[in-house]
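One structure below.
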Amino acid sequence: EYAYTSLLDAYCKAGNLTEATKMIKEMLQAGININIVTYTTLLNGLCAEGRMREAKEVFKVMLKAGVAPDQQIYTALLHGYIKAGEMENAIEILNEIKEKNIKPDLLLYGTMVWGLCTENKLEEAERVINEMKVFGLNPNHFIYTALMDGYFKADKVKEAVAIFQEMCDHGIEISVVTCCTLIDGLCKKGLVLEAANYFGRIVDLGLEPNIAVYTALMDGFGKIGCIEKAKKLFDEILDKGISPDNAAYTSLIDGYLKCGNHKEAMKLYNRMIEVGLEIDLHAYTSLIWGFSQCGELQQAKIWLDEMIEKGILPDEILCISLLRKYYELGSEVEAVELQNELVKRGLIKQ
RNA sequence: AAGGAAAGGGCAGUA
């Protein structure tokens, strides 16, 4: 029974929900008890994929089976709703928790704080943190990091940095995610040199920067036009034997395209193909947007067709940007042709 | 060792 749930969890974490649901059926047929751990595992897997209707269905089935929900399954469900942006449902879950008199634990509080931060409700987040302190629960690095991220994204740099300082002063653990949040936050506000300074101090904390940390800083340099610095970081990633992922490649590609160097961007694209990365929506969008900005309309159009063929649909913003470039630089005939095509495919409105 | 929380990549027009 433990072994079944372990395997189920492995499938869910790998995003293989098809196998996971197959397993559940097997378990039922084999007469294996489905307990709250099994339900939570499956529900969490569905939430991770954004399949909230099905997640809620699992929850209802569990209630019908007479199993009482605990903090863990509520945390998973709440997190799923917040991630999916279904705030009304998230609030409903919170009310349900209150009605049932379930005392939130550290992770449930953490999810609440994170949700409020993603909604820019920082005062409320602070209030929740105070509440948990009253109940004798001390916020951990997950919670501080979520709060710091919230302050950065709300343009409150001073407050965000103060949170980091508070973490240091209070001996709260600093994780790689914390560092990434700090570095990304500073970069996004144009404080790239400060970010680079913190980056240099990561190893002093006994941490190894991962691909996300590198990408955050690399992106920062790219955005302020220091493409050589960005490239240097990229080479450092390779030297360390870390494999750059889609985000890392896309960030550097975007950096090159923003300074008009579509040749280097193309080299990176080729490299992505070579190492077997799937060009995803973000990558296509950066490439098409950047190449059209560089006046490379033919190549942009090739990628546009390619992504549509793969079933990766460009959003309206990208289509309109490309179209405008066609009208600006290309022939009128081609532009009209593209416009008709995009309308026909339902990618832009008439 | 059966389940739950934090971080990084693209943005036209319009106001």
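Bear in mind that the values here come from a model prediction, so they are computed numbers and not experimental data. Letters A, B, ... are given to chains in the order of the sequence lines, protein chains preceding strands, and every chain is numbered from 1.
- Between L43(A) atom CG and A5(B) atom P there is a gap of 11 Å when expressed in whole angstrom units.
- Within the 3.5 Å criterion, the main-chain N or O of N35(A) finds no donor-acceptor partner in the side chain of N33(A).
- Counting distance only, with no hydrogens placed and no angle test, the side-chain atoms of S175(A) and the base atoms of A6(B) include a donor-acceptor pair under 3.5 Å.
- Listed pair H79(A) / A6(B) meets the phosphate criterion, a side-chain N or O lying under 4.0 Å from OP1 or OP2.
- Ring orientation note: the planes of F291(A) and H262(A) are nearly perpendicular, at an angle over 60° on the 30°/60° scale.
- For the pair K258(A)/W289(A), a side-chain contact is recorded, criterion being any heavy-atom separation below 4.5 Å from C-beta on.
- Using a 4.0 Å cut-off between a side-chain N of Lys or Arg and a carboxylate O of Asp or Glu, E264(A) and K231(A) do not qualify as a salt bridge.
- In the interface, the side chain of S6(A) is not paired with the base of A2(B) through any donor and acceptor atom under 3.5 Å apart.
- Between the side chain of D219(A) and the backbone N or O of T215(A) there is no donor-acceptor pair closer than 3.5 Å.
- At the heavy-atom level, T75(A) lies under 4.0 Å from base atoms of the strands shown.
- L7(A) has its CG atom 14 Å from the C1' atom of G3(B), to the nearest Å.
- Residue L207(A) contributes atom CG, which lies 13 Å from atom C1' of A7(B) at whole-angstrom precision.
- Counting to the nearest Å, the C1' atom of A2(B) and the OH atom of Y4(A) are 14 Å from each other.
- Not a single donor-acceptor pair, N or O on each side, falls under 3.5 Å between the base of G4(B) and the side chain of Q71(A).
- Between the CD atom of E166(A) and the P atom of A6(B) there is a distance of 21 Å, rounded to whole Å.
- A donor-acceptor contact under 3.5 Å links the side chain of N210(A) to the base of A7(B).
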Q: Give the B/S/- string for nucleotides 8-15 of chain B, one per nucleotide from 5' to 3', where a protein heavy atom under 4.0 Å of the base yields B, of only the sugar-phosphate yields S, and otherwise -.
A: BBBBBS--

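- Between the OH atom of Y109(A) and the C1' atom of G4(B) there is a distance of 16 Å, rounded to whole Å.
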Solution key, residues 118-128 of chain A side-chain donor-acceptor pairs under 3.5 Å, sequence neighbours excluded:
from    : atom 1 : to      : atom 2 : distance (Å)
T118(A) : OG1    : G115(A) : O      : 2.7
E126(A) : OE2    : Y151(A) : OH     : 2.6

Under 3.5 Å, which donor-acceptor pairs do the side chains of residues 306-320 of chain A form with other protein atoms, sequence neighbours left out?
from    : atom 1 : to      : atom 2 : distance (Å)
E306(A) : OE2    : Y284(A) : OH     : 2.6
K310(A) : NZ     : Y284(A) : OH     : 2.8
D315(A) : OD1    : I317(A) : N      : 3.4
D315(A) : OD1    : L318(A) : N      : 3.0

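- Between L116(A) atom CG and A6(B) atom P there is a gap of 14 Å when expressed in whole angstrom units.
- Distance, I143(A) CD1 to G4(B) P: 17 Å, rounded to whole Å.
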